Every structure is written in structure tokens, then in C-alpha cells.
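Only one structure is covered here, and it is reproduced in the block below.
Reckoned from all heavy atoms, side chains included, excluding hydrogens, waters and symmetry mates. Note that the structure is predicted; figures quoted are calculated from it, not measured. Atoms within each ligand, like the ligands themselves, are counted from 1 in listed order. In this chain, residues are counted from 1 in sequence order.
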Amino acid sequence: MKHLHFNEIDSTNTYLKQEYQNLDNLTFVTASFQSSGHGRNSRVWNANKEENVLLSYLIKDKDIIEHFSYVSMFSAVVIVKYLESKGLENVSIKWPNDVYVNGKKIAGILLEGAYPNYLIVGIGLNLNQTDFNNKELRHPATSLKLEKSDFNSNPLNESQEIISLFNHLWCDFKGDWLMYDDFIKEHNYLLKKRIKLIDGSRIIIGIVEDIDSQCNLLINIDKEIVKIDSGEIVEIL
Ligand code: BTN
């Protein structure tokens, strides 16, 4: 496992996309600042300089790339476990790949890939930032510092801690895709919530019943359980 750190970069995801041929499987890249950080659905990912974790890792193993839904959930599990180890409560996974604390978004995960060449997992985790433009954000944001005022550490140290935790958990996980099944179900932020979801041109409204062992969201729509494998939750009703 290799870790590269940049003081400033356009985007850690973009860097891996450009350099994947020269880099090993499971290379981690972090940055103190991104000038072109991006999120899902081509949104901008803004993060104050030197205040947050901006981390991406590269997967080149074809068998693992095929299991990208598990890799995405696993990444959320690592962030949840990390936050719980810092003493935070009410940490949950908002399907498909956000991490929430007390109903606010603390981390977002972006997967980008080109099968069978690479899969890149980018994680933006709010650490010390306390000013968020919640009027402009689609969902209210929080950070470790806002949730725990005595938190005192820098993003590089915390990134290293997350990478160590990742490696520790990865060794077990890569042989057993279902090993965090129960953990994911127990940390399902959307459980029993009535949601509006957009999947391509489809708009779905229903109550979330579960996340199944293939990482699909199970939604009860007029007493019928519908399996959703991708999409965006636009509203919690
Ligand atoms: C989202 O919630 O939309 C996902 C946000 C992902 C942001 C991270 S920060 C590190 C990596 N580099 C990027 O440009 N994006 C991801």
C-alpha cells in the first residue's frame, strides 16, 4: 500500500484517473486542498484549505472492480467506524454513499471507474471546517469539529489513521463481501423514512425497508417491495 500526499491538486480522483497506469493497486492519494474537487452528479465539492480529509484510492484488481457496490459500502463502513472511534454517536450511512451524523452530511463518497481498468473511490470528510453554506447545499452539512468541539487534530494525521483502519478492515473484507451486511443494515440512515428517489427518468416515492446483501435499497411502494440499485435520494418526505 502506497500513500501520496499533495499540498494542492486539482482533484485526488482526477490524479488517479490520469496516473492509474503508473500506480499500484490500492494506492492512496490525499491532498490539503483541491482546486477542482468534484462530487456526484458533476457537483462541485468545496472544502476549505487544510481543514478536511480529501482522499482517494485506486483499485486495479478486476475481481474487486466488479464488486464496486460492496467497495462503495465498505468505504462508508470505514468512515462510520472511524467516526465512532472518535466518540461520535448517531453515525449512519445514507444510501448509496454518504455518511451522516445526527441527520447531517459529514462525508460523501464518489466512485469513478472504467471497467476493467480501474475503480477510483474518492472520499471527502469534513473535519475541522465549521462554516458551511447550508443555504446553497442540498443537505445540511456538519463536521467532526462541529459534532465534537474538543476534537483537535489535523487532516493529514486523520487521513493516515483512516488509511490504517482501511487496510486493517480490507484484509478481512476482500475475501468476504457480506461481512459488513449486519453493520450496514444497523446503520441505515433511511430506514423507515419516506423518500423521493430519482433513478434516470424514474421518480420513486416510498418507504425504505432495508438494504439487501447486494447493497440494493429496498423500498415499499404501496405494499410492494421494489429493489433499487442506483439513484439519488432527492427528498426525505
Ligand atoms: C459527494 O457527496 O457528492 C461525493 C463527494 C466526494 C468528494 C471527494 S474529495 C476527494 C475526492 N476528490 C474529488 O474531486 N472528489 C472526491
Report, in ascending order of atom number, the atoms of ligand 1 lying under 4.0 Å from any heavy atom of [X].
{"X": "S56", "answer": "11 (C)"}
{"X": "H38", "answer": "6 (C), 7 (C), 13 (C), 14 (O), 15 (N), 16 (C)"}
{"X": "D98", "answer": "2 (O)"}
{"X": "G39", "answer": "1 (C), 3 (O), 4 (C), 5 (C)"}
{"X": "I109", "answer": "4 (C)"}
{"X": "S11", "answer": "12 (N), 13 (C), 14 (O)"}
{"X": "G37", "answer": "14 (O)"}

> Minimum heavy-atom separation for E161 to K86, with atom names?
Replying inline: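 So the two residues come closest at OE2-NZ, 3.0 Å.
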> Excluding sequence neighbours, so at least two apart, what forms side chain to side chain donor-acceptor pair (under 3.5 Å) with H3?
Replying inline: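 H3 satisfies side chain to side chain donor-acceptor pair (under 3.5 Å) with T30 only.
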> Above 12 or not: heavy atoms from other molecules or residues under 6.0 Å from CZ of R194?
Replying inline: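 Count not over threshold, so no.
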Mind checking whether [X] contacts ligand 1 via backbone (N, CA, C, O), side chain (CB onward), both or neither, at a 4.0 Å heavy-atom cut-off?
{"X": "T14", "result": "neither"}
{"X": "K105", "result": "side chain"}
{"X": "L55", "result": "backbone"}

>> Classify the ring geometry of H67 against Y70: parallel below 30°, tilted from 30° to 60°, perpendicular beyond 60°.
In response: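 Correct class here is tilted.
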> Which residue holds the protein heavy atom closest to atom 3 (O) of ligand 1, what is that atom called, and what is the gap in Å?
Replying inline: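 Minimum-distance protein heavy atom for atom 3 (O) of ligand 1 reads R40 N, 2.7 Å.
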> What is the closest protein heavy atom to atom 12 (N) of ligand 1, and at what distance does it sit?
Replying inline: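 I find the closest protein heavy atom is Q34 OE1, 2.8 Å.
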> Within 45° of the ring axis of Y189 and under 6.0 Å from its six-membered ring centre, is that where the NZ or CZ of K94 lies?
Replying inline: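 Pair K94/Y189 does not count as cation-pi.
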>> Using the rule given for ring-ring contact (aromatic ring centres under 6.0 Å, His included), can you reason through F74 versus F166, listing the C-alpha separation, both sets of side-chain angles and the distance that settles it, and then say yes or no?
In response: CA-CA 9 Å; F74 171 77; F166 175 96; 5.3 Å; yes
> Step by step, would you call H38 with E112 a side-chain contact (heavy atoms from CB on, under 4.5 Å)?
Replying inline: CA-CA 11 Å; H38 53 276; E112 296 184 281; 3.2 Å; yes
> Short N/O distance, under 3.5 Å, between W45 and ligand 1?
Replying inline: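 There is no such contact.
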> Can you find an N or O of T12 that's nearer than 3.5 Å to an N or O of ligand 1?
Replying inline: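 Such a contact does occur with ligand 1.
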>> What verdict does the ring-ring contact (aromatic ring centres under 6.0 Å, His included) test give for Y15 and F6, after you've listed the backbone C-alpha separation in whole Å, the side-chain angles of each residue and the deciding distance to 0.1 Å?
In response: CA-CA 10 Å; Y15 175 82; F6 295 92; 4.9 Å; yes
>> Check this for me, if you would: do E232 and R40 make a salt bridge, where the nitrogen-to-carboxylate-oxygen distance has to be below 4.0 angstrom?
In response: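 Between R40 and E232 there is no salt bridge, as every charged N stays at least 4.0 Å from the carboxylate O atoms.
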